[in-house]
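Here the structure is laid out as structure tokens; the discussion comes afterwards.
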There are 2 protein chains.
Amino acid sequence: MATIKEIAELAGVSTTTVSYALNRSGSVSESTRRKILRIVEEIGYQPNKTAVSLRTSKTRTIGVVAEDLTVFVTPEIVDGICEYAEQAGYHIILDNLRVFHKVGNSFQALSHYHDEIRQLTDATLHDTVDGILYVGIHCRDVAEIVSSFERPVACIYCYSSSANAYSFFVDDETAAFQATEHLIRLGHRRIAVLTGPVDSLPSQSRLRGYQKAILQNDIVINPHYFQVGDWSQESGYELAKRLFSLRSHPTAVFSLNDYMAFGVLQAAKEAGLSVPEDVSVIGFDNQPVSRYCTPALSTLAPPLRELGSGAAASLIALLEGRAVPRKGKAFACQYVERQSVAKARR
Amino acid sequence: MATIKEIAELAGVSTTTVSYALNRSGSVSESTRRKILRIVEEIGYQPNKTAVSLRTSKTRTIGVVAEDLTVFVTPEIVDGICEYAEQAGYHIILDNLRVFHKVGNSFQALSHYHDEIRQLTDATLHDTVDGILYVGIHCRDVAEIVSSFERPVACIYCYSSSANAYSFFVDDETAAFQATEHLIRLGHRRIAVLTGPVDSLPSQSRLRGYQKAILQNDIVINPHYFQVGDWSQESGYELAKRLFSLRSHPTAVFSLNDYMAFGVLQAAKEAGLSVPEDVSVIGFDNQPVSRYCTPALSTLAPPLRELGSGAAASLIALLEGRAVPRKGKAFACQYVERQSVAKARR
DNA sequence: GAAATCGACTGAAACGTTTCATTCGTTTCA
DNA sequence: TGAAACGAATGAAACGTTTCAGTCGATTTC
């Protein structure tokens, strides 16, 4: 591989001049700059990244720390990151934590969780990245984790209450509000909601959105329409069975995640109710599967790719000393209309 | 951040000695080595990776070039890579090509495909990685692409006929053979097969496996049982409809991918045939969705994680000058028993 | 008892850049 | 006309390691 020294010799100038010409710093006459660029082109010279990093102590690399790459949200987020980072001339170093395992239908941190994180921050990423993007698998406060990072960090699909981190997460409340409003505008008044565990943050926010819409539209709340599940298809099925055996069963079910909605679909079929004619169903998450069930599930889609590229954009802006608009942002979901929602029967 | 110089001063020795002590090269007395290690521990010194790279021209980083991160096979492969690389002390630089788009149900390269690749090899990965792992989205020869890489490369979920690359791919033929044998052992004789497009390599291999099993078991081939689809659910549906309207319809359908199998399930239901009682269905790929359809689809699962970690292991062995067993390997699939297969009716 | 060997340790160069401080000739301006 | 300012170019140090080629004293060998 050619070095700057060879280019300098060929051009009959010093390495300093070559460096200045290439970086548009210092002052170089137009004619020698052109001569240098021509030779660079000819030889196919590429500055040695390692040497540049050593000298400037910037790596133009950002570390992507993913809690679990195989959870369906992660790849698309990471893709969004890659897309932005690439065009900005940054490399991505990927680290998959893999420290959660499924317990029932929620995730629990493994015991070596913190060791893993520490090792990561100490040994793995030190002086290898300029900044870190932390990609969570569900919305919660990860301050405890990211505050130990010694580089600028942005959280994605989760948030941090610590001062050193930006956060890019889903606006669950507004999305749930809009979905509920949508059902109401379609004439539904008996709208049940299936929540996740009460201590789940996304569940709480989504429920808040639902309740706000119900309240704003002066709909009387039937306590039977409010059911707490555990995110699993089975719990959705059980809960919906109960719902459909009510003498005044709901005409619409808003499941706060897709899996429970699948259970609702199944229960409806068994109860002899057809979706969407007799009962409308809306899910949340836009799991890949929701396109393939019958009927295809209408659901709320988090803008995963935008979450990733938005976070990457802010982090890189920060790294380069440019103004960064805000300390984070809540991203709106998109309602994906498929075949499980219709007007309420008169 | 502390440097080797500070450690040297604190220990009252030269930087050379510190370096030797840390790398177990040169000869250092046991007592000074211990003294040095104690100080290193105390200060929390970490060698500067960039400086080491510059000096040794090894980056301990491997580039993962993924054709499409959002295709379902990729994340698990990449996870396997990460897992191995991490414990071997290597970093992963991720690059997502994103150069394919869906045309109907197969993928086609975008027009800027080769520009993208060239830019990648020239600018992006040069002197940044020691070797490259190329992760394909379907099995085919990628020699044209990877032969331009100027580093050792291993192909995953695809293969390269060029000399410079290792290949780690799925043994489609054996898997299809075993699935067909499985059906035969369950008493099935009228076994239909749904292939993908004739020019598709995986389709060809899988079909070969099917035919071998049929032939070996002296089953007479009914040409009507052989149908060519385009991998889509719709084509599976249409083909299966034709199959089930035959006066002597098959008792088992082997779909060479999962999506077409979903179509088969749908067609069976509409034809009044219950799966698996009246007809058994086996898919291929183990798409995440296959677990959620009804009945849950029995299918063949490529060992994605193993593919990734196996390739990473070989590449790293090669980079470190250790003996590498072979130039590549075909990995066996695992048959995933779910609810779509049963004994043939008497 | 001189030569050879050995173990412990070190000085300094090298990896390929960036950038500070400086030089040198030309132009501008009071 | 002389000083100041400026544009173009450069020498050399620095970033933090690794490693070649030694030095030096102690021990072994014949």
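Just so we're on the same page: letters track the sequence lines, and every chain starts at 1. In this text the structure is predicted, and so the values were computed from the model without any measurement.
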#### Entry: Interatomic distance, Asn23(B) CG vs dT19(D) P [rounded to whole Å]
7 Å

### Test side chain to side chain contact (heavy atoms under 4.5 Å, CB included) applied to Phe72(B) - qualifying residues, sequence neighbours left out
Asp285(B), Gln287(B), Pro288(B)

### Message
Under 4.0 Å, counting only non-hydrogen atoms across every strand here, what does Thr3(B) touch: a base, just sugar-phosphate, or nothing?
### Response
sugar-phosphate

#### Entry: For Thr70(B), all residues meeting side chain to side chain donor-acceptor pair (under 3.5 Å), sequence neighbours excluded
Asp68(B)

### Query
Taking OP1 and OP2 of dT10(D), is either one under 4.0 Å from a side-chain nitrogen or oxygen of Ser14(A)?
yes

Show me the donor-acceptor pairs, under 3.5 Å and distance only, between side chains in residues 33-45 of chain A and residues at least two apart or in other chains.
residue  : atom : partner  : partner atom : Å
Arg33(A) : NH2  : Ala21(A) : O            : 3.4

### Message
Rounding to 10°, can you tell me the angle the first-five-pair axis of the helix from dG1(C)-dC30(D) to dA30(C)-dT1(D) makes with its last-five-pair axis?
### Response
50°

## Note on the structure
Applying side chain to side chain contact (heavy atoms under 4.5 Å, CB included) to Ser167(A) and not counting sequence neighbours gives Cys155(A), Tyr159(A), Ser160(A), Phe169(A)

### Message
Between Ser53(A) and Lys58(A) (side chain of the first, backbone of the second, donor and acceptor by atom type, cut-off under 3.5 Å), is there such a pair?
### Response
yes

#### Entry: Side-chain donor/acceptor contact of Thr16(A) with base of dA12(D) under 3.5 Å
yes

## Note on the structure
Contacts of Ala313(A) meeting side chain to side chain contact (heavy atoms under 4.5 Å, CB included) (sequence neighbours excluded), chain-then-number -> Tyr84(A)

### Task
May I have all residue pairs that pass salt bridge (Lys or Arg N to Asp or Glu O under 4.0 Å) and include part of residues 310-325 of chain B, sequence neighbours excluded?
Arg60(B)-Glu320(B), Glu320(B)-Arg322(B)

### Those residues that, when tested against Ser25(A), pass side chain to side chain contact (heavy atoms under 4.5 Å, CB included) (two or more places apart)
Tyr20(A), Asn23(A)

### Message
Going 5' to 3' along DNA chain C, which are the first and last nucleotides with any atom under 4.0 Å from a heavy atom of chain A?
### Response
dG16(C) to dC20(C)

## Note on the structure
Numerically ordered, the residues 25-41 of chain B set in heavy-atom contact under 4.0 Å with DNA chain C is Ser27(B), Val28(B), Ser29(B), Thr32(B)

### Task
Can you tell me which residue pairs pass the salt bridge (Lys or Arg N to Asp or Glu O under 4.0 Å) test with a partner in residues 5-29 of chain A, sequence neighbours excluded?
none

### Task
Sequence neighbours left out, what passes side chain to side chain donor-acceptor pair (under 3.5 Å) with Arg55(A)? Give chain and number order.
none

